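See structure below.
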Amino acid sequence: MRLRHAMVCSSNQNRSMEAHSLLKRQGLDVASYGTGAHVKLPGPSLREPNVYDFGTPYKFMLDDLRRKDPDLYKRNGILPMLKRNSSVKAAPQRWQDNAADGAFDVVLTFEEKVFDMVLEDLNNREQTLMKPVLIINLEVKDNHEEAAVGAKLALDLCQEIEAVECWEESVDNIVTAFENKHKRKLLYSISFY
């Protein structure tokens with residue numbers, strides 16, 4: 001079954017974009033978003049993050065950080081990440097501003113607070129289509145290594161959901177099998193468009 005997938009993390013930079021990139025390469029219909037107020041990237045110290053507005057092109061961020069300290073941002077993996085991101089889409093997008101993008105079948109988040117924000121947003125929207133959407137949280141630490149692992153897990157989960165005729169009838173079995181296979185707990189809920 002051909003489903004629309006959304007990958008969501010806080011800044012639409014690392015976890016959601018790693019998964020977006022992998023799912024796109026595998027031919028799935030996928031988009032990605034962040035739920036934060038701004039896009040935050042590590043800076044020279046914890047108290048000095050690089051902050052951008054959603055919609056700022058990845059290419060602009062890449063050039064900006066190359067100007068600031070190319071060695072630091074190459075060493076910490078930010079420049080390669082931004083290069084990957086710019087090959088997937090132009091700029092980070094905010095989940096709360098995505099209504100015009102249409103309905104998704106599956107929304108995968110990578111952090112519980114993001115899961116809660118997506119659910120809250122969907123529940124606050126006018127539900128006119130009465131089209132169900134499955135929201136799943138797969139907890140993934142926000143670093144490059146874990147994002148790569150999380151993307152593979154996200155692909156596996158999305159392919160399992162795509163393989164069934166009706167996910168609404170199979171979701172409990174899919175989640176249980178995934179949890180047993182990967183030894184990771186999933187949080188999930190259903191909302192409507």
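The first residue of the sequence shown is numbered 1, and numbering continues consecutively from there. None of the values given here were measured: they were computed from a predicted structure.
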**Study point:** Check: His144 side chain, Asn76 main-chain N or O, donor-acceptor pair, under 3.5 Å
**Key:** yes
Practice item. Answer yes if Val175 and Val140 sit in the same cluster of Ile, Leu, Val, Met, Phe, Trp and Tyr residues linked by side chain heavy atoms under 4.5 Å apart, and no otherwise. Key: yes
Exercise for review: Would you sort out whether Asp105 and Arg2 count as a salt bridge (charged side-chain N to carboxylate O under 4.0 Å, His left out), showing the intermediate values?
Suggested key: CA-CA 9 Å; Asp105 299 293; Arg2 187 87 168 136; over 6 Å; no
Practice item. State, to 0.1 Å, how close Ala19 and Phe110 come at their nearest heavy-atom pair, and which atoms those are. Key: CB-CZ, 3.7 Å
**Study point:** Verdict with reasoning, Glu162 to His5, per side-chain hydrogen bond (donor to acceptor under 3.5 Å, both in side chains)
**Key:** CA-CA 10 Å; Glu162 289 246 351; His5 304 271; 2.7 Å; yes
Exercise for review: Check the hydrophobic clustering (I, L, V, M, F, W, Y; side-chain heavy atoms under 4.5 Å; chains of links allowed) and say if Leu22 and Ile161 are grouped together.
Suggested key: yes
Practice item. Report the C-alpha separation of Glu18 and Ser21 in whole Å, then their side-chain angles, then the decisive distance to 0.1 Å, and conclude whether the side-chain hydrogen bond (donor to acceptor under 3.5 Å, both in side chains) test is met. Key: CA-CA 5 Å; Glu18 183 74 37; Ser21 177; 5.9 Å; no
**Study point:** Main-chain N/O of Val88 paired to Lys24 side chain as donor or acceptor, under 3.5 Å
**Key:** yes
Review point. Does atom CD of Glu48 have more than 12 heavy-atom neighbours, drawn from other residues, nucleotides or ligands, at distances under 6.0 Å?
Key: yes
Practice item. Nearest 0.5 Å please: distance from the CG atom of Asn180 over to the CZ atom of Phe178. Key: 11.0 Å
Check your understanding: Can you tell me if NE2 on His38 sees more than 12 non-hydrogen neighbours from other groups inside 6.0 Å?
Key -> no
Review point. Short question: side chain of Asn85, backbone of Tyr58 - any donor-acceptor pair under 3.5 Å?
Key: no
**Study point:** Residue pair Val39 / Pro92: nearest heavy atoms and the distance that separates them
**Key:** CG2-CG, 3.7 Å
Review point. Is the NZ or CZ atom of Lys89 both under 6.0 Å from the centre of the six-membered ring of Tyr33 and within 45° of that ring's axis?
Key: yes
Check your understanding: Does the Ser191 side chain pair with the main chain of Leu119, one donor and one acceptor, at a distance under 3.5 Å?
Key -> no
Revision key, fill the gap. For Asn12 and Gly34 the tightest heavy-atom approach is CB-N, 3.5 Å
Practice item. Answer yes when Arg184 and Glu146 have at least one side-chain N-carboxylate O distance shorter than 4.0 Å, and no when they do not. Key: yes
Check your understanding: Is the closest side-chain donor-acceptor distance between Glu179 and Thr176 under 3.5 Å?
Key -> no
Check your understanding: Any chance CD of Glu169 has more than 12 other-residue heavy atoms, nucleotides or ligands included, within less than 6.0 Å?
Key -> no
Revision key, fill the gap. In short, Gly55 meets Ala91 closest at the heavy-atom pair O-CB, 3.5 Å
Exercise for review: Before giving the answer on salt bridge (charged side-chain N to carboxylate O under 4.0 Å, His left out), spell out for Arg67 and Asp64 the whole-Å C-alpha distance, their side-chain angles and the decisive distance to 0.1 Å.
Suggested key: CA-CA 5 Å; Arg67 273 192 307 277; Asp64 185 42; 3.5 Å; yes
Study note, to complete from the structure: From the list Val106, Leu108, Leu138, Thr109, side-chain contact (heavy atoms from CB on, under 4.5 Å) partner of Met7 resolves to Leu108
Practice item. Could you grab the distance from atom CE of Met81 to atom OH of Tyr73, nearest 0.5 Å is fine? Key: 11.5 Å
Check your understanding: If you measure from OG on Ser10 to CZ on Arg94, what distance do you get to the nearest 0.5 Å?
Key -> 10.0 Å
Review point. Will you find, in the side chains of Trp95 and Asp121, an N or O donor that is under 3.5 Å from an N or O acceptor?
Key: yes
Point to revise | Test item: Arg15 side-chain N/O and Lys141 main-chain N/O as donor-acceptor pair under 3.5 Å | key: no
Practice item. Determine, step by step, whether Lys59 and Asp63 satisfy the salt bridge (charged side-chain N to carboxylate O under 4.0 Å, His left out) criterion, reporting the C-alpha distance in whole Å, the side-chain angles of both residues, the deciding distance to 0.1 Å, and the verdict. Key: CA-CA 6 Å; Lys59 178 92 175 75; Asp63 293 342; 3.2 Å; yes
Review point. When clusters are formed by joining ILVMFWY residues with side-chain heavy atoms under 4.5 Å apart, either directly or through shared neighbours, do Leu41 and Leu62 land in the same one?
Key: yes
Review point. Can you tell me if Asn137 uses its side chain to pair, donor with acceptor, with the backbone of Tyr188 under 3.5 Å?
Key: no
Practice item. Determine the minimum heavy-atom distance between Gln13 and Met61, stating which atoms define it. Key: NE2-SD, 3.3 Å
Revision key, fill the gap. The reported gap from CD1 in Ile136 to CD1 in Ile190 (rounded to nearest 0.5 angstrom) is 9.5 Å
**Study point:** Rounded distance [0.5 Å steps], CG in Leu157 versus CG in Leu186
**Key:** 6.0 Å
Practice item. Decide yes or no on salt bridge (charged side-chain N to carboxylate O under 4.0 Å, His left out) for Arg75 and Asp71, but give the supporting numbers first. Key: CA-CA 6 Å; Arg75 194 171 54 250; Asp71 293 336; 5.9 Å; no
Check your understanding: Roughly how far, to the nearest 0.5 Å, is the NZ atom of Lys74 from the NZ atom of Lys83?
Key -> 9.5 Å
Point to revise | Side-chain donor or acceptor of Asn98 paired with backbone N/O of Asp101 under 3.5 Å | key: no
